[in-house]
Structures are given as structure tokens and as C-alpha cells.
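Along the sequence shown, residues are numbered consecutively beginning with 1.
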Amino acid sequence: MNFKQIRAFREVMLTGSVSKAANNLFRTQPAISSQLTGLEKEIGIKLFERRDGRLNPTPEAEYLLNQVSEVLEKIEDIEENLARVRSLERGRINIVSMFGPSVFFMPKFISEFVKNRNHVDISLFSHSAFQVQQLLSTQRYDVGLVDYIPDTSERLSLIDYSELRYKCICAVPLDDPLAEKESITAADLDGKPLAMLAQSHACFRKIKRIFKEQGLTMNRRFETQFFIPQLTFVEQGLACAIVDPLTVESYRINCNNQDKIVFLPFLPEIDFSIYLITPTHRPLTALASTFVSELSQELQSFKNNT
């Protein structure tokens, strides 16, 4: 008993006619009749009485219809779901990101991605860059976003990554005289209050080295775990901050006080990298692959966008 036989049988039972069943299933009448005959031979039960050119279902046929209807509905649901999967309209994507982008940027991007995909579910979790890589290494997540990749062959054997390089940008209060400049130098920030990342972060170390090499005073007044909170201190006129373009984009997406901060190029240039990581040993679904591709394009689109 195969799927084609069962489907032909149900259609004949529902329509009461071989010709109507053939029309509904886009088959010929002989093909439907052959399916019914084959089904009867296979199960060893007579399903129809043929009288006066008509098929009259037997009690056994009524019983079989009740048994197969639920099975066919489940199979048809599976077929429909698979069609949606093929068309990237159904599925789930598991994302884990470092804290900063998960606040504004990732929710905005995800919202755009699922806007016309009502059957796509998303999980988004926030962790430190180290924890993001640990979670991706378990092969249970589809994509991660971090700003640091350790030089550890054991870890890198479990994840794949692509690097996007940016230039850091200086955020200054609108009413600060520095806002009138075309770019900000380290000398401009000599002794001025700064909002900065923790000392362990590569960005902090790069800024500290520049100040030291130029004999400048680095006044670290505020320390934060990621960039976004620093912009509140800048809005309040309490500090300047050197941030990455992704933070600038996140700020522009959701903050209402954009007229309180001016973003300017910082010199000498400070490189900042973001890594888009995926699991090495867990092939991505077509849906997740499309998500990663579009996310990469979005990240590329605002490189050095001030």
C-alpha cells in the first residue's frame, strides 16, 4: 500500500467518481482505476462493488477511509511545510551575539528579515565574545557576531568566520567646540573625559598606546562593557567616546537624541573588526544561509558610515 494508492482511494471516496478523482489529482481515469485495483490486490480486501458502471464502497472501504485520512493529512502538512522550507518561508534560526549589536542593530535586522516570513522563528541571545564562540563551538547555534577571535587552533577548528574591518569613529557632544572640526585627533582629546571599554579590550589598548606614544593624558572617566552605553555620557556632555560604526548605526536606528551627538573620523585610524561566525560541523539550512548572507551584506553596507 503506497501513498499514490491511498490518495487515489481517498479522492474516489470523497468524490464518488473515478473521473472526478482523476481530474482533481491531474491523472487519467485508467491510472486511478489501476491504483484502486492494485490497492485491493495488495491488502486482499474488496473496497468497491462495481454495479451499473458505478463504484459503490464496501463497509471495509469506509473503515479504511477513516484510518488513512489522518495519515494523509499529516503527510500533506509535511509536504506544505517542506515547500515553505524550500521557499525560505518556514524554519528557525538560532543567533547569539555580543552585547552591543543585540540591543538595537540585530533586532532591527531580524525584524526586516522576517517581515514577509510569518513562519520563521528566531532566537537571539546575548553574551560576551568569548561565550558566543563557546556556544557556536557546540554546533547548536546558526550564527554569531563577535569583535574578537582568539588565536586558538582548537577553537577555530569548530567555527568558521568572516572578518569585517572598520575604522573607529569619535563621538563628541554637539555643544563641544570639537564638534566643529572635520576630524578628531588624539591631541584633541588630551585630558578630556572619555567613556571607554574595559582595559582588557583590544580597542582600549589601541587608544592607550596612541596616547602614550604622543605623550598625551588619557582621562578615562567612564568604563563600560560595550559601546552603546557610552553614547549616553556623550549625550549628556560628560565625555567623548571612540566607538565602532556598528554602534553608530545602532544609535541611529533607535535613539531619539541624535541631535546631541556629532560623529567624526578619528585620527590616527583605529581598526575595529567584527566577525560573523558559523559552526563548522553543522551545515546551515538554506534559510540560515540566506540570513547569514544578508546579514553580511548589511554589515558591509555601513562600513565607515559616519
Can you tell if the side chain of V243 reaches within under 4.5 Å of the side chain of F272, non-hydrogen atoms only? no
Do side-chain atoms of [X] reach the backbone of [Y] as a donor and acceptor pair under 3.5 angstrom?
X    : Y    : answer
S34  : P30  : no
S301 : E298 : yes
N94  : Y141 : no
T37  : S33  : yes
S296 : S293 : no
Q139 : L158 : yes

Through direct or indirect side-chain contacts below 4.5 angstrom among Ile, Leu, Val, Met, Phe, Trp and Tyr, which residues connect to L238? F222, F233
Quiz: residues 203-215 side-chain donor-acceptor pairs under 3.5 angstrom, not counting sequence neighbours:
residue: R205; atom: NH1; partner: S200; partner atom: O; Å: 2.5
residue: K206; atom: NZ; partner: D271; partner atom: O; Å: 2.9

So which of F263, F227, F104 actually passes ring-ring contact (aromatic ring centres under 6.0 Å, His included) with Y251? F263
Would you mind checking if [Y] and [X] are paired as a salt bridge, meaning a charged N to carboxylate O distance below 4.0 Å?
X    : Y    : answer
D142 : R92  : no
E112 : K115 : yes
R7   : E11  : no

Give the cluster check for I228 versus L145: same hydrophobic cluster or not, with ILVMFWY residues linked at side-chain heavy-atom distances below 4.5 Å. no
Checking E163 now: which residues fulfil side chain to side chain contact (heavy atoms under 4.5 Å, CB included) with it, not counting sequence neighbours? R165, S273, Y275
Please check if any side-chain donor atom of S17 sits under 3.5 Å from a side-chain acceptor atom of S19, or the reverse. yes
